[in-house]
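Here is the naming used below: chain letters follow the sequence lines, and residue numbers restart at 1 for every chain. None of these values were measured; they are calculated from a predicted model.
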Protein chains: 2
Amino acid sequence: MLNQLTQLDKAFQALADPTRRAMVERLARGPVSVSDLARPLDMSLPAVMQHLAVLESSGLVQSRKVGRVRTCQINPEALSAAEQWINQRRIEWEHRLDRLGQYLETLKTEGEKK
Amino acid sequence: MLNQLTQLDKAFQALADPTRRAMVERLARGPVSVSDLARPLDMSLPAVMQHLAVLESSGLVQSRKVGRVRTCQINPEALSAAEQWINQRRIEWEHRLDRLGQYLETLKTEGEKK
DNA sequence: GCGATACTAAAGCACATGCTTAACCAATTG
DNA sequence: CAATTGGTTAAGCATGTGCTTTAGTATCGC
């Protein structure tokens with residue numbers, strides 16, 4: 001719960017870039033090699049490598065090299081950590097609205113008693 | 001679905017900063033004025049204003065000024081847009097694993113027939 | 001072994017980000 | 001109306017980000 005905050009920083013920052021989101025979208029359909037990952041992207045291979053490094057250091061993606069080809073995979077756990085942070089804020093907000101609604105309802109019925 | 005990509009960039013980028021996440025956490029518990037929002041944060045008011053500007057341009061937060069006090073509120077729609085993007089990638093990945101599992105299961109029963 | 005393939009490492013550069021301080025304005029409050 | 005409170009603007013600066021190019025180093029297929 002301590003260093004995890006830093007992991008959230010990294011996860012959201014990784015997802016903030018459209019190129020990296022495109023990479024994640026591709027990886028969600030299955031593991032791919034670096035050069036396959038790079039093929040549809042309009043930039044140099046080193047640039048893609050740098051994006052991959054960001055994704056890996058955020059924990060969103062893992063990769064391992066076999067022979068000369070590095071294969072990348074999504075890590076759903078890191079993905080759901082980010083998802084849950086957002087989810088909790090939304091839930092919290094909605095509960096607040098519920099309580100507010102109940103309160104207003106109380107005021108209303110109190111008013112009717114008079 | 002077109003400009004929304006840019007909105008996703010902004011939403012994730014907004015959430016990538018721990019100060020801004022702290023602000024969102026505070027706002028999830030209810031609307032607050034700018035100076036109340038700033039109070040627990042260890043930085044100048046202008047710095048907080050700049051973070052607020054980022055949150056607003058991402059659509060995650062809305063604010064309006066009455067008299068001399070600006071009150072900030074969370075916008076759950078923008079929050080859930082980001083949440084859903086992540087969710088879809090995770091779902092996609094899990095479905096892939098399901099299909100893979102079924103395929104392996106098929107291979108297994110095929111093998112048993114022999 | 002030898003060329004092609006698949007990455008990797010390093011340096012450099014333009015632009016964005018996250019602060020700061022120093023004014024400044026506009027509603028309240030006494 | 002003067003002082004305070006709550007917010008805003010602008011400028012400046014250190015550091016970070018997203019590329020590029022150039023120059024490698026390991027495999028792989030013949």
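As rounded to whole Å, 13 Å separates atom C1' of D:dT8 from atom CD of B:Glu56. Per the geometry, CG belonging to B:Asp17 stands 13 Å off C1' belonging to D:dG16, to the nearest Å. Remark: P of D:dT8 and CE of B:Met49 are 3 Å apart, rounded to the nearest angstrom. Between the CG atom of B:Leu52 and the P atom of D:dG7 there is a distance of 10 Å, rounded to whole Å. As rounded to whole Å, 13 Å separates atom C1' of D:dT15 from atom CD of A:Gln13.
Not a single donor-acceptor pair under 3.5 Å links the side chain of B:Arg70 to the backbone N or O of B:Val34. A donor-acceptor pair under 3.5 Å links the side-chain atoms of B:Arg21 to the main chain of B:Leu15, judged by distance alone. Proximity of a side-chain donor or acceptor of B:Asn75 to a complementary backbone N or O of B:Gln62 within less than 3.5 Å is not detected.
Counting all heavy atoms, side chain and backbone alike, A:Ile86 lies closest to B:Leu79 at CG2-O, 3.3 Å. When every heavy atom of A:Pro31 is checked against every heavy atom of A:Gln73, the shortest pair comes out as CG-CG, 3.7 Å. Considering all non-hydrogen atoms of both residues, B:Leu37 and B:Cys72 come closest at CD2-SG, 4.2 Å.
Using modelled atom types and a 3.5 Å distance limit, the side chains of A:Ser58 and A:Gln13 yield no donor-acceptor pair.
For the pairing with A:Glu83, the side-chain hydrogen bond (donor to acceptor under 3.5 Å, both in side chains) check across B:Gln84, B:Arg90, B:Arg89 returns one residue only, B:Arg90.
Heavy-atom contacts of chain B under 4.0 Å fall on DNA chain C between two terminal nucleotides, which in 5' to 3' order are C:dT17 to C:dT28.
For DNA chain C, the residues of residues 58-74 of chain B within the heavy-atom distance limit of 4.0 Å (strictly under) are B:Gly67, B:Arg68, sorted by number. Contacts between residues 34-47 of chain B and DNA chain C, counted as heavy-atom distances below 4.0 Å, involve B:Met43, B:Ser44, B:Pro46, B:Ala47.
Put simply, B:Val61 and A:Ile91 are part of two different groups of oily side chains (I, L, V, M, F, W, Y) that touch within less than 4.5 Å, one to the next.
Residue B:Gln50 places no side-chain N or O under 4.0 Å from the OP1 or OP2 atom of D:dT8.
At a threshold of 4.5 Å between non-hydrogen side-chain atoms, the residues A:Val48 and A:Met23 count as touching.
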*Quick one: do B:Glu25 and A:Trp85 satisfy side-chain hydrogen bond (donor to acceptor under 3.5 Å, both in side chains)? Show the steps, please.*
CA-CA 10 Å; B:Glu25 284 175 10; A:Trp85 185 92; 3.0 Å; yes

